[in-house]
Amino acid sequence: MVLDLKHVESFVAAADATSFSLAADRLGTVQSAVSAHIRALEHHLGMTLLDRGRGRPVALTPDGRAFLAQARRLLDLAEELSDPSRLRPQAQRLRLGTTVTFALSAVANALSSFRSGGHIAEVEVQTARSHALLDMLDTGLIDVAFVLDQ
């Protein structure tokens, strides 16, 4: 059985609120649902995560403390994965230096296929002699240089 994120979310809310009722209010549900979620989670894991007692706050067990850190990571990752804009790499700008010979031959085709992959939004090409391109690369004026062996 796979962990149910609702169960994990209920556990984190109860741990943070130290109360099933307050956790239910924060989650927009009822106390009995939070209790059932946590009971199912504990059954699935085979461990007690929370000490419960009438009239006293909910407290984490040692297993609960260990699980809480992982549960928070899991919920953060689930939130990140639910946002499609975070799944796509951000397009970058590429500053390329090349000799005229390379620019007129292989570079144009290579850039065309590379740019169509969606990782590069803008390509700036500068042409110069190889030694000048190496200087530009050393000073950070360009990101990549195609040069002839000197």
Side-chain angles (χ1 to χ4, degrees), residues 1-20 22-30 33-50 58-150:
M1 176 175 133
V2 176
L3 285 178
D4 186 320
L5 288 179
K6 275 287 188 201
H7 297 172
V8 175
E9 186 178 39
S10 291
F11 164 71
V12 171
D16 288 346
T18 67
S19 161
F20 285 20
L22 290 176
D25 288 344
R26 291 179 185 176
L27 295 172
T29 189
V30 294
V34 170
S35 181
H37 290 166
I38 294 170
R39 197 169 35 255
L41 179 62
E42 289 176 327
H43 177 75
H44 172 76
L45 296 172
M47 62 180 69
T48 302
L49 301 173
L50 296 171
V58 170
L60 289 166
T61 65
D63 287 337
R65 274 191 295 282
F67 184 74
L68 181 60
Q70 300 301 317
R72 289 189 198 285
R73 288 181 54 212
L74 177 63
L75 294 176
D76 288 346
L77 182 59
E79 185 177 324
E80 185 178 320
L81 288 171
S82 68
D83 181 0
S85 68
R86 295 173 117 187
L87 298 176
R88 289 184 218 104
Q90 296 296 321
Q92 303 278 328
R93 178 175 170 224
L94 175 66
R95 299 171 303 165
L96 170 72
T98 183
T99 63
V100 173
T101 303
F102 285 141
L104 296 175
S105 59
V107 172
N109 290 338
L111 286 178
S112 174
S113 63
F114 186 68
R115 189 168 182 211
S116 68
H119 299 294
I120 301 294
E122 179 183 340
V123 178
E124 176 187 313
V125 178
Q126 295 186 29
T127 58
R129 294 187 179 272
S130 293
H131 69 277
L133 292 170
L134 291 173
D135 289 341
M136 293 167 72
L137 187 62
D138 286 341
T139 59
L141 294 174
I142 58 176
D143 302 309
V144 177
F146 291 124
V147 299
L148 296 172
D149 188 18
Q150 305 256 322

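One is the number of the first residue; the rest follow in order along the sequence.
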Q: Write down the atom of H37, the atom of K6, and the distance for their closest heavy-atom approach.
A: ND1-O, 3.8 Å
Q: Look up atom CD in E124 and atom CG in L141, then write down how far apart they are to the nearest 0.5 Å.
A: 9.5 Å
Q | Contacts of type side-chain contact (heavy atoms from CB on, under 4.5 Å), residue L75, not counting sequence neighbours | A | L5, V8, E9, V12
Q.
Could you report the tightest heavy-atom contact between L68 and A15, atom names first, then the distance?
A. CD1-CB, 4.0 Å
Q: Considering non-hydrogen atoms only, spot the tightest contact between S10 and I38 and give its length.
A: O-CD1, 3.8 Å
Q | Spacing of CG belonging to L50 relative to OG belonging to S35, to within rounding of 0.5 Å | A | 10.0 Å
**Q.** Minimum heavy-atom distance between L3 and L74, given as atom pair plus value
**A.** CD1-CD2, 4.2 Å
Q) Which residue pairs pass the side chain to side chain donor-acceptor pair (under 3.5 Å) test when at least one of the two sits in residues 136-145, sequence neighbours left out? A) R95-D143
Q: Kindly give the heavy-atom pair with the smallest separation between A23 and A17, and that separation in Å.
A: N-CB, 3.9 Å
Q | Closest heavy-atom pair and its distance - A145, I142 | A | CB-CD1, 3.9 Å
Q | Separation of D76 CG from R72 CZ (nearest 0.5 Å) | A | 9.0 Å
Q) Side chains of L41 and D4: does their closest heavy-atom pair fall under 4.5 Å? A) no
(Q) Do M47 and T61 make a side-chain contact, defined as non-hydrogen atoms from C-beta onward lying under 4.5 Å apart? (A) no
Q: Could you point out which residue of V34, L45, L60, D16 forms a side-chain contact (heavy atoms from CB on, under 4.5 Å) with F11?
A: L60
Q: Not counting sequence neighbours, which residues clear side chain to side chain donor-acceptor pair (under 3.5 Å) with T127? List them please.
A: none
